Every structure is written in structure tokens, then in C-alpha cells.
Amino acid sequence: MPRLSCTVAPLSRPLLTQGPPAPAEGGGRGGISRRALLAGLGALLLPRPARAEPLRLPETPLVVDLAARGRRLGQPGGVVRMLIAKARDVRYLSVCSYCRLVGYDAELALKPDVLESVEVEGGRFTLRLRAGHLWSDGAPFTAEDFRYYWEDVANERELSPGGPPDFLMLDGKPPAVSFPDARTVIYAWERPNPRFLPALAAPRDPLIYRPAHYLKAFHPRYAGREAAEALAKGQKLRGWAALHNRMDDNFELNNPDCPTLQPWRPRTRAPATRFVFARNPYYHRADTAGTQLPYLESIVMDVASTGLLVAKTNAGEADLMFRGLSMADIPSLREGERAHRYRTHLWPLARGSELALYPNLTTLDPGWRALNRDPRYRHALSFAIDRRTLNNTLLFGLGTEGNDTIVPESPLFSPELRTLHATYDPDQANRLLDAAGLHRRDGSGMRLMPDGRPVEIVVESDGEASLILDGLLLITEFWREVGLRLVVKPQERTNLRRRSVGGMTVMVAAQGLDLAVPTAIMPPTELSPAQPDHYSWPRWSLNLESRGASGEACDLPAVQALIDLDRQWRDTSDAERQAGIWRAMLRNHAENQWVIGTVAGALQPVVGADRLANLPDRALYSWDPTAMIGVQRLDEFFWDSEAERRAEAR
């Protein structure tokens, strides 16, 4: 019987420890440097409790062996400052803090985290909770929290109109969920559900549990409908469901009263421009010396204009920054390193392509639909792109040119799929365009469609990534050389998605594969119309998502093959079989170029203060599966105060 379990390392001292108070200047800084001054002022503005709260671990905590991973034991205390572009971005702390029932480690192996163990037998998953595990307010974390979510949230129509989330449904049927005792939760399907555990490890936690003891006060089943509605009215909300959603805040992190299992709990209520997160005294992890994690006492997130994030980081106003920084910012970030004592670590971005083109195979325009579905046309567009020039211009020549596919760090990587139909060959592009029926040209040399319209390719983009817009300007010139006119149409992302699903887009420019460093057990959903909102086949995706109620049924055999392969992956829990399905889907993509990739391999700046210990110098960065820096475990970072004092003395 497969089992995911944790190895509890021996402890060299008792588990219950109270660390020293947080250094007043963000990790023990002294002197009069700008960074030290700003950190000191920040610490003075933090709320200080009258007395420190006692720390308490579960009876069987998750003990992390830092030395085995080349990391050092730390000491508690200190404040880390981060910058965000808008108040809502505080939610990304729940992503990069990465506290999950099960989660990926730095090698992308799936292991229990909050859970003590998971046993899998066919379609039966037995989740075992840690004895004595508590929410951040000291209330017990038990199977009742899972029952509340399943019965009172996921299956409560007023809270979840669409029913339970898709990963919990198999062939349209929910699991049988049972709660044998306070520490055991069982999900049982009629056959294996390989999506279940990876979904629990996702960048956005699906949170299949809720703090029942807290939320029952807002639920009519427990508080009574009249009382619940009265509470909602007092908050000027439309009904009890709106109030429940507001108070149920384990992701958005705007409700300091909502208990959490995360390493840091919110202490600031929106609206605000500074958000403070304090250490959870009941967090479930400890190091081998018996010190409870997280090491850092507080995290402070200050709201700053998007245009000022780089300048403020350069000026030493952040101790840890990554989101909002890009490869183009590296020279500016390097300039401030010495004066403000930070380092700009360069992490490879695990993404299929930094700029990818998505021909809409389900566009409503019949002429463009026929053209986008012609593989000769898609291959011609690819052969007409000078990726070497794109690489030199956008990524300083450091990128990898080719298709939108997975990266070499994945065990599923095949190097030949990177370059298939993805070299620069304008002569071949011209031949293919002629063969696709675009042989006629107007007086200016631009090609004409079979119906006489000029081939004017409107490429829409959300306009948020400057690299994409810069790249499109270059591709405009490349395609003009083979008689194609490209028109760039930036717009707001929500409108772009609406136009895409409505069949109004002809082509979209966006980033490529998010899951570009997969292992066999990760769902290949992004490679087929099973992925919602996919720009290459949005109406087919809508049809699958709505179970045939909306959109269009797929009528292209090569894409139907992807749908079938995705279904086969879902029907097996055999990792070898799953790996074979992944490889078949990746080859299908490279051969057909449903998405036209250009260049991958950008570097993500991850800025960390010199004395912020256990921050890796180099690691993969992605949304899925690494949750940005999540799998590197922010709760293990600490201020190396001794080294800091030595540096100040020098």
C-alpha cells in the first residue's frame, strides 16, 4: 500500500522553545546605513504585544533536517520587509509561505506537510492529522474542520453554487468522505484519482478544511438563519453567504480574526498601506535542535507603486523581493547591492516560453479559423521568427530558443522537441505560406487570404508584460519579410479572456507553459482543452468545463487525441504510464505547434539582504509547481545576526 509519511528526526533539546526577542532593526542591524535606519523605523511601527505568546508544537511535529539540505540551524527573531504593488497582493504570502496538507520539496517530491501521513489504496486516500496540532488561535485542528468544509462549504449551494471543486469529482461523481475519528479523514472514489494529491500541493491551496470553530458563528446551520442574516446586515452585506466568504479568509489574508495554519498570521485589517504578519505560535514545523519554525518573527509588506518597486528595492527598502521584478531590472538592482547590503540572486524561470503565440483554433471568423487550423500556416509562422534576435534583444542572449515546451530540469524533457519546426528559415516559411493558399499578394507585397482580405494578423495581449510587447515589435518585422502584417492590440486581461472565450480573438500573445518542470504525477491539463481559458482553443475548453453546456465540441482529431490522452492520465495512478502520456502530449504539441514558442530561459531576480540566511543562491522559479519561492521554505530563512554584527564592526 503506497504511503506518504514523514521521518521525524531526533531532537537535541526539548521541542517547546521560546526564542529571543526580535532584533529591533530587522535582524540585529546597527550603524547608520540607510537599510539599518529604514529597518529600525519599520520595527518601531510594528505592534508589540505586552508579552510574548508561548510556542507550542503538535505531539508529532514535522522535523526538518536542515543540514541534510546544506542549510544552517537558525535563531528566532527579526522582521523581514517586502514590497507589494497593491493591497490585494498580500495574498501571495499564502502562496510563497507554502504550508500545505502535502507539498513538494525542493526536488519536487511530494511529501506530507501539515498531514502526518497519507495512505493511498486504489481510489481510497486516508489522511492522518498530527496529534495536538492547533490553529493559530489555539483551537484544535481536527477532522471536524474537514467535515465542515465538505458538508457546510463545498456542498452548500449558497457558498459553492458549482458544487465541490473539479479535482474532487471523478466522472462527475464526488467522493465518499468519512471521518472515523478526530485525526482521520478518508476520501474514497470508485477508482484512482491521481489529481487529488497534486491539487493539494498547488500554488493556490484548495483549502479542503476550514476553521469550523470560528466560521460556525456565521453559518445559519449553526448560528440560525436569522442571526446569520443579521450579522451580514450589520456589515452591510447582501446575505450570510457574503459574510461567510469575507470571514473565511485563509487565502486573501485580510481578516486578522480568521485562524490559520500558515507560518505567519495577518495582524492588519484592510484598507492599509502596511500589512504586518506575526509568527504563528502553533506552527507544526521544527528544526532538529528543537526550535519551532518559522524563525522570522514578523513579515511586513508595504504597498508601493508598481513603477517604484525596483527603485525602492535598489534603495534598500526591502529585505526580500522577487514578485514585481524582472530580468530587465537586473542592472539596476546590481547597482544598489554594495551600498545597501543585499544580493541579487538569479533564479532560472521554469516556463515554456517567455513569449508564446496562441492561434485561436475556435475563432468565429471562418477564414481565420481555417487558416489557424492549417499546420502549414502555423509552421510557417514559426519558421519566420528569428529567435536568435529575440534572445539577444529580450534575454541578453542567455535564453533558450525554440518551442513552448518543458525545461531540461524535468525528467520528462526531450531536447529534440525544443527545436522541432522552430528554427529560422524564411524560405521554408514562404513555401509553406504559398502551399496554405496565401500565394496571392497585394501591390505592397502583403499576402491575401483566399477570400481576398489582407493577411492582417491581430495579436491581442493583456499588455502587462513589457517583454511580450517588445518581442511583438520584433516579430512584426520578421513576419513582414514573408508578406504578413501583424497588428498588436494590448488590453485589460479580463476583457482579453472574455473576447477569447467568445471566439473574437484571432491570436493571443502571452507567456508559455506554466508547468514547465513537471514530473509524471503532475496533471498534464495545460496541454489539452481540459485547461480552462486556454487561448488556442478557448471554446473547446469551455465545452469540456461546462460538460457540453457551452462552447463547442472539439472537431479536430489531433486535438481530440490530447483530450483522450489527458483522460487516460486521469484514469491511471501508474507513474510509468503517466510519464508515457506526458511525453506523447508534449510530442503532439511540438509537431503541431498549437502554441508557437519563441525563447525561454529568463532569469528571475530574487533579492535578499546579505544576512538573510538559508535563501538559496540559485533555484528554479515558477508559479506551478514551485509556488514562486514556496518550495524553498520561507519559514526556514533567518537573520544571521552574528555575521551581521561582524559586518557592521568592519
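Quantities reported herein were computed from a predicted structural model and do not represent experimental measurements.
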Q292 side chain vs Y283 backbone, donor-acceptor pair below 3.5 Å: yes
Rounded distance [0.5 Å steps], CZ in R633 versus CZ in R69: 8.0 Å
Q262 backbone acceptor or donor facing T260 side chain under 3.5 Å: yes
Close side-chain approach of V95 and M628, heavy atoms under 4.5 Å: yes
Any donor-acceptor N/O pair, D248 side chain to H244 backbone, under 3.5 Å: no
Neighbour count >12 (heavy atoms, 6.0 Å) for atom CD, E190: no
Any donor-acceptor pair under 3.5 Å from W639 side chain to V79 backbone: yes
CA sep, side-chain torsions, deciding dist, call: N255, R246, side-chain contact (heavy atoms from CB on, under 4.5 Å): CA-CA 8 Å; N255 178 12; R246 174 180 287 185; over 6 Å; no
D302 and K312 ion-paired at < 4.0 Å: no
Electrostatic pair R570:D566 at N-O distance under 4.0 angstrom: yes
Distance, nearest 0.5 Å, that separates CG of L127 from OH of Y187: 6.5 Å
N-O pairing of E317 and R81 below 4.0 Å: no
NZ/NE/NH1/NH2 to OD/OE distance under 4.0 Å, R147 and D152: yes
Residue pairs fulfilling side-chain hydrogen bond (donor to acceptor under 3.5 Å, both in side chains) with at least one residue in residues 230-241, sequence neighbours excluded: E158-W240
Distance, nearest 0.5 Å, that separates CZ of R323 from CD1 of I629: 13.0 Å
CA sep, side-chain torsions, deciding dist, call: Y209, Y148, side-chain contact (heavy atoms from CB on, under 4.5 Å): CA-CA 7 Å; Y209 55 88; Y148 181 84; over 6 Å; no
Listed partners of W623 passing side chain to side chain donor-acceptor pair (under 3.5 Å), at least two apart: none
side-chain contact (heavy atoms from CB on, under 4.5 Å) partners for L542, two or more places apart: V501, E545, S550
D105 (side chain) donor-acceptor with L110 (main chain) under 3.5 angstrom: no
Any donor-acceptor N/O pair, R100 side chain to A202 backbone, under 3.5 Å: yes
Stepwise side-chain contact (heavy atoms from CB on, under 4.5 Å) test for L634 and Y98: CA-CA 8 Å; L634 181 56; Y98 202 61; over 6 Å; no
Note: E492-R498 ion pair, threshold 4.0 Å (strictly below): no
Any residue meeting side-chain contact (heavy atoms from CB on, under 4.5 Å) with A242, in chain and number order, not counting sequence neighbours: L237
Ring-face cation of R267 near F277 (centre distance under 6.0 Å, axis angle within 45°): no
Got a list of side-chain donor-acceptor pairs under 3.5 Å for residues 173-182, not counting sequence neighbours?
unit_1 : atom_1 : unit_2 : atom_2 : d
D181   : OD1    : R128   : NH1    : 3.4
D181   : OD1    : R183   : N      : 2.8
D181   : OD1    : T184   : N      : 3.0
D181   : OD1    : T184   : OG1    : 2.9
D181   : OD2    : T184   : OG1    : 3.2

List the atom pairs, with distances to 0.1 Å, where a side-chain N or O of residues 520-527 and a protein N or O form a donor-acceptor pair under 3.5 Å, not counting sequence neighbours.
unit_1 : atom_1 : unit_2 : atom_2 : d
E526   : OE1    : D514   : N      : 3.3
E526   : OE1    : L515   : N      : 3.1
E526   : OE2    : D514   : N      : 2.8

Basic-acidic side-chain contact under 4.0 Å: D640, R611: no
Residues R285, D113: salt bridge by 4.0 Å N-O rule: yes
Sidechain-backbone polar pair: N254 side chain, A87 backbone, donor-acceptor under 3.5 Å: no
N/O donor-acceptor pair under 3.5 Å between W264 side chain and L296 backbone: yes
E119 bridged to R124 by N-O distance under 4.0 Å: no
Lys/Arg cation over aromatic F141: R130, 6.0 Å, 45° cone: no
Sole residue of T268, L93, L253 in side chain to side chain contact (heavy atoms under 4.5 Å, CB included) with F275: T268
T291 (side chain) donor-acceptor with D287 (main chain) under 3.5 angstrom: no
Ring-ring centroid check F125 F196, cutoff 6.0 Å: yes
W135 ring center near Y214 ring center (under 6.0 Å): no
